[in-house]
Amino acid sequence: MLVLSCLLVLTAVVMYVFARAQDSLRLRLGAGAALLGSVLCGIASTVYVVSAYEVGVPVTFGRVGTPMTSGMHLKAPFTDVTPFSTRPVDLNLSDKDVVEVRSSQGGVMYTEVTVKWAVTPAKAAELYRLAGSEDAIQQRLVYPDSREIVRNVFARYTSEQGYASAREEINAEIGKLIKERLAPRGIDITAVNLRNVRPSDALQKQIDRKIQQKEATERATEATRTAEEEAKRRKIEAEGIARANKILNDSLTDKVLMNQCIDAYREAARENPVYAVPCGSGNGTPVIVGGSGRN
């Protein structure tokens with residue numbers, strides 16, 4: 001605007017000179033219009049409007065001034081204002097920017113992370129000195145520091161923890177460390193999301209072998225447990241049979257055997273007339289004789 005104002009002033013002067021020389025009313029009117037345009041451009045060059053969710057950093061001849069908040073501000077015509085958005089910006093570490101990390105065991109993994117960051121308005125001037133623009137802040141500060149911290153955190157965990165059991169803990173630790181690193185520089189980390197962790201091909205093969213070995217061990221353990229339970233069951237069964245036989249053997253006295261013999265004789269006598277050796281005679285088993293002959 002300042003340059004345009006100067007050009008309009010120069011145009012007004014030239015037109016006025018020619019107007020006097022030629023005594024032309026049209027040129028005089030043109031010179032007046034150019035002068036008015038110059039004044040308006042000069043006024044516009046002293047006013048700057050900072051949009052909502054932005055902060056402006058004024059720079060006058062290389063000197064950085066106090067950040068401007070949202071609204072209308074007056075400034076020197078030769079002051080440049082660099083705007084910074086205060087809305088959260090997403091830094092996606094994925095695809096070609098995916099982070100290659102190594103676990104404490106040396107296993108290689110590929111992680112995809114999203115870092116949400118925003119400029120702290122009060123420290124916009126300091127960020128301007130460090131980077132110069134919003135894109136430069138992301139590329140020079142947020143991007144390299146985030147990758148470094150992600151690698152350092154994963155290096156303290158095993159491969160299994162990295163891709164499975166400790167992902168929430170790792171995500172929280174990464175977010176905490178990135179926030180602590182960038183907050184003093186005027187960058188507010190609003191969220192860190194560890195979206196995906198993918199083992200390398202070599203690590204995936206190791207994982208598959210480990211899973212197979214674990215399954216084989218579990219099958220062998222189950223077979224051993226089943227065999228032990230079956231052995232215990234048979235032992236208990238055998239001990240029960242032995243106790244039953246002992247009880248039966250102890251209970252078979254001569255009187256019991258005599259009563260069982262008499263009961264059997266009575267039962268047989270109900271159906272057919274029989275002749276029998278009296279129970280308990282001799283040392284042998286009692287003999288029952290039918291009516292048709294001796295058996």
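Scope of the values below: all heavy atoms of this structure, side chains included, with no hydrogens, waters or symmetry mates.
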Undergrad: I'd like to know if the side chain of Ser94 reaches the main chain of Val98, judged simply by a donor and an acceptor atom lying under 3.5 Å from each other, with no hydrogens or angles considered.
TA: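 Flag not set: sc Ser94 to bb Val98 has no pair under 3.5 Å.
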
Undergrad: Give every residue pair that meets the salt bridge (charged side-chain N to carboxylate O under 4.0 Å, His left out) criterion with at least one member in residues 52-69, sequence neighbours excluded.
TA: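 Sorted result for residues 52-69: empty, none.
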
Undergrad: When rounded to the nearest 0.5 angstrom, what is the spacing between OH in Tyr163 and OG in Ser200?
TA: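 Interatomic distance, Tyr163 OH to Ser200 OG, rounded to 0.5 Å: 11.0 Å.
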
Undergrad: Under the side chain to side chain donor-acceptor pair (under 3.5 Å) rule, collect the residues that match up with Thr69, sequence neighbours excluded.
TA: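 Thr69: no side chain to side chain donor-acceptor pair (under 3.5 Å) contacts found.
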
Undergrad: Under the ring-ring contact (aromatic ring centres under 6.0 Å, His included) rule, collect the residues that match up with Phe61, sequence neighbours excluded.
TA: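 Phe61 satisfies ring-ring contact (aromatic ring centres under 6.0 Å, His included) with Phe78 only.
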
Undergrad: Under a single-linkage rule joining Ile, Leu, Val, Met, Phe, Trp and Tyr whose side-chain heavy atoms are separated by less than 4.5 Å, which residues share a cluster with Ile241?
TA: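 None; Ile241 is a cluster of one.
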
Undergrad: Quick one: salt bridge (charged side-chain N to carboxylate O under 4.0 Å, His left out) partners of Arg195, sequence neighbours excluded?
TA: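 Testing Arg195 for salt bridge (charged side-chain N to carboxylate O under 4.0 Å, His left out), a comparison that skips the adjacent residues, returns Glu112.
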
Undergrad: Nearest heavy-atom pair of Pro58 and Thr79: which atoms, and what distance?
TA: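 Of all heavy-atom pairs spanning Pro58 and Thr79, the closest is CB-CG2, 3.8 Å.
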
Undergrad: Hey, are the side chains of Arg198 and Asn196 touching, using non-hydrogen atoms and a 4.5 Å cut-off?
TA: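 Answer yes - side chains close enough.
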
Undergrad: Between Ser146 and Val115, which heavy-atom pair has the shortest distance, and what is it?
TA: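 Looks like OG-CG2, 3.9 Å.
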
Undergrad: Roughly how far, to the nearest 0.5 Å, is the OG atom of Ser104 from the CD atom of Gln161?
TA: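 Atom-to-atom, Gln161:CD and Ser104:OG are 7.0 Å apart.
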
Undergrad: Can you list the steps and then say if Val55 with Met68 is a side chain to side chain contact (heavy atoms under 4.5 Å, CB included)?
TA: CA-CA 6 Å; Val55 60; Met68 299 176 176; 5.8 Å; no

Undergrad: What verdict does the side chain to side chain contact (heavy atoms under 4.5 Å, CB included) test give for Glu173 and Tyr157, after you've listed the backbone C-alpha separation in whole Å, the side-chain angles of each residue and the deciding distance to 0.1 Å?
TA: CA-CA 12 Å; Glu173 185 173 351; Tyr157 291 84; 2.8 Å; yes

Undergrad: As a quick check of understanding, evaluate salt bridge (Lys or Arg N to Asp or Glu O under 4.0 Å) for Arg151 and Glu100, giving each step before the final call.
TA: CA-CA 7 Å; Arg151 291 193 185 98; Glu100 180 180 318; over 6 Å; no

Undergrad: For Arg185, give me all partners under side chain to side chain donor-acceptor pair (under 3.5 Å), at least two apart in sequence or on another chain.
TA: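 Asp145.
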
Undergrad: Taking salt bridge (charged side-chain N to carboxylate O under 4.0 Å, His left out) as the definition, give me every residue that meets it alongside Glu148, ordered by chain and number, with sequence neighbours left out.
TA: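 Glu148 satisfies salt bridge (charged side-chain N to carboxylate O under 4.0 Å, His left out) with Arg181 once adjacent residues are dropped.
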
Undergrad: If you round to the nearest 0.5 Å, how far is CG of Asp80 from OG1 of Thr60?
TA: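 Reported to 0.5 Å precision, the distance equals 8.0 Å.
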
Undergrad: Only counting residues at least two apart or in another chain, list the ones meeting side chain to side chain contact (heavy atoms under 4.5 Å, CB included) with Glu229.
TA: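 Arg225.
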
Undergrad: With sequence neighbours excluded, what pairs up with Glu230 under the side chain to side chain contact (heavy atoms under 4.5 Å, CB included) test?
TA: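 Arg233, Arg234.
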
Undergrad: Decide yes or no for Asp97 and Asp95: does some side-chain heavy atom of the first lie under 4.5 Å from some side-chain heavy atom of the second?
TA: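 Counting from C-beta outward, Asp97 and Asp95 never come under 4.5 Å.
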
Undergrad: Between Arg102 and Val108, is there a donor-acceptor pair closer than 3.5 Å when you use the side chain of the first and the backbone of the second?
TA: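 No, Arg102 side chain to Val108 backbone: no donor-acceptor pair under 3.5 Å.
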
Undergrad: Find out whether Val142 and Leu182 are in side-chain contact, i.e. whether some heavy atom of one side chain is under 4.5 Å from a heavy atom of the other.
TA: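 Yes, their side chains come closer than 4.5 Å.
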
Undergrad: Does anything in residues 158-171 pair up under salt bridge (charged side-chain N to carboxylate O under 4.0 Å, His left out), and if so which pairs, sequence neighbours excluded?
TA: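 Qualifying pairs, neighbours excluded: none.
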
Undergrad: When rounded to the nearest 0.5 angstrom, what is the spacing between CG in Leu177 and CD1 in Ile149?
TA: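 One gets 5.5 Å once the value is rounded to the nearest 0.5 Å.
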
Undergrad: Where the side chain of Asn193 meets the backbone of Thr114, is there a donor-acceptor pair that is under 3.5 Å apart?
TA: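 No, the answer is negative, given that no donor and acceptor are paired below the 3.5 Å cut-off.
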
Undergrad: What is the minimum heavy-atom distance between Pro144 and Gln139, and which atoms define it?
TA: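 Residues Pro144 and Gln139, closest heavy atoms: CD-O, 3.3 Å.
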
Undergrad: When rounded to the nearest 0.5 angstrom, what is the spacing between CG in Leu127 and OG in Ser133?
TA: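 Nearest 0.5 Å value for the CG-OG distance: 10.5 Å.
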
Undergrad: Show me the side-chain donor-acceptor pairs of residues 116-126 shorter than 3.5 Å, one per line, residues at least two apart or across chains.
TA:
{"from": "Lys116", "atom 1": "NZ", "to": "Asp90", "atom 2": "OD1", "distance (Å)": "2.7"}
{"from": "Lys116", "atom 1": "NZ", "to": "Asp90", "atom 2": "OD2", "distance (Å)": "3.1"}
{"from": "Trp117", "atom 1": "NE1", "to": "Gln138", "atom 2": "OE1", "distance (Å)": "2.9"}
{"from": "Thr120", "atom 1": "OG1", "to": "Gly186", "atom 2": "O", "distance (Å)": "3.2"}
{"from": "Lys123", "atom 1": "NZ", "to": "Pro184", "atom 2": "O", "distance (Å)": "3.3"}

Undergrad: I want to check something: taking the side chain as every heavy atom from C-beta on, are Leu194 and Ile170 in contact at a cut-off of under 4.5 Å?
TA: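 SC-SC contact between Leu194 and Ile170 confirmed.
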
Undergrad: How would you list, by chain and number, every residue that makes a side chain to side chain contact (heavy atoms under 4.5 Å, CB included) with Glu239, sequence neighbours excluded?
TA: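 So Glu239 forms a side chain to side chain contact (heavy atoms under 4.5 Å, CB included) with Lys235, Arg243.
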
Undergrad: Taking the side chain as every heavy atom from C-beta outward, state whether Phe154 and Val99 have any atom pair closer than 4.5 Å.
TA: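 No, side chains not in contact.
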
Undergrad: Let me check something: do Tyr143 and Tyr110 share a hydrophobic cluster, defined by ILVMFWY side-chain heavy atoms less than 4.5 Å apart, either directly or through other members?
TA: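 Cluster IDs for Tyr143 and Tyr110 differ.
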
Undergrad: Can Phe84 and Ile137 be said to form a side chain to side chain contact (heavy atoms under 4.5 Å, CB included), step by step?
TA: CA-CA 10 Å; Phe84 290 93; Ile137 292 173; 3.6 Å; yes

Undergrad: If I take atom CD1 from residue Ile178 and atom CD1 from residue Ile189, how far apart are they, to the nearest 0.5 angstrom?
TA: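 If we round to the nearest 0.5 Å, Ile178:CD1 and Ile189:CD1 are 6.5 Å apart.
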
Undergrad: Are any side-chain N or O atoms of Ser70 and backbone N or O atoms of Ser51, one a donor and one an acceptor, separated by less than 3.5 Å?
TA: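 Yes, the answer is positive, given that a donor and an acceptor are paired below the 3.5 Å cut-off.
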
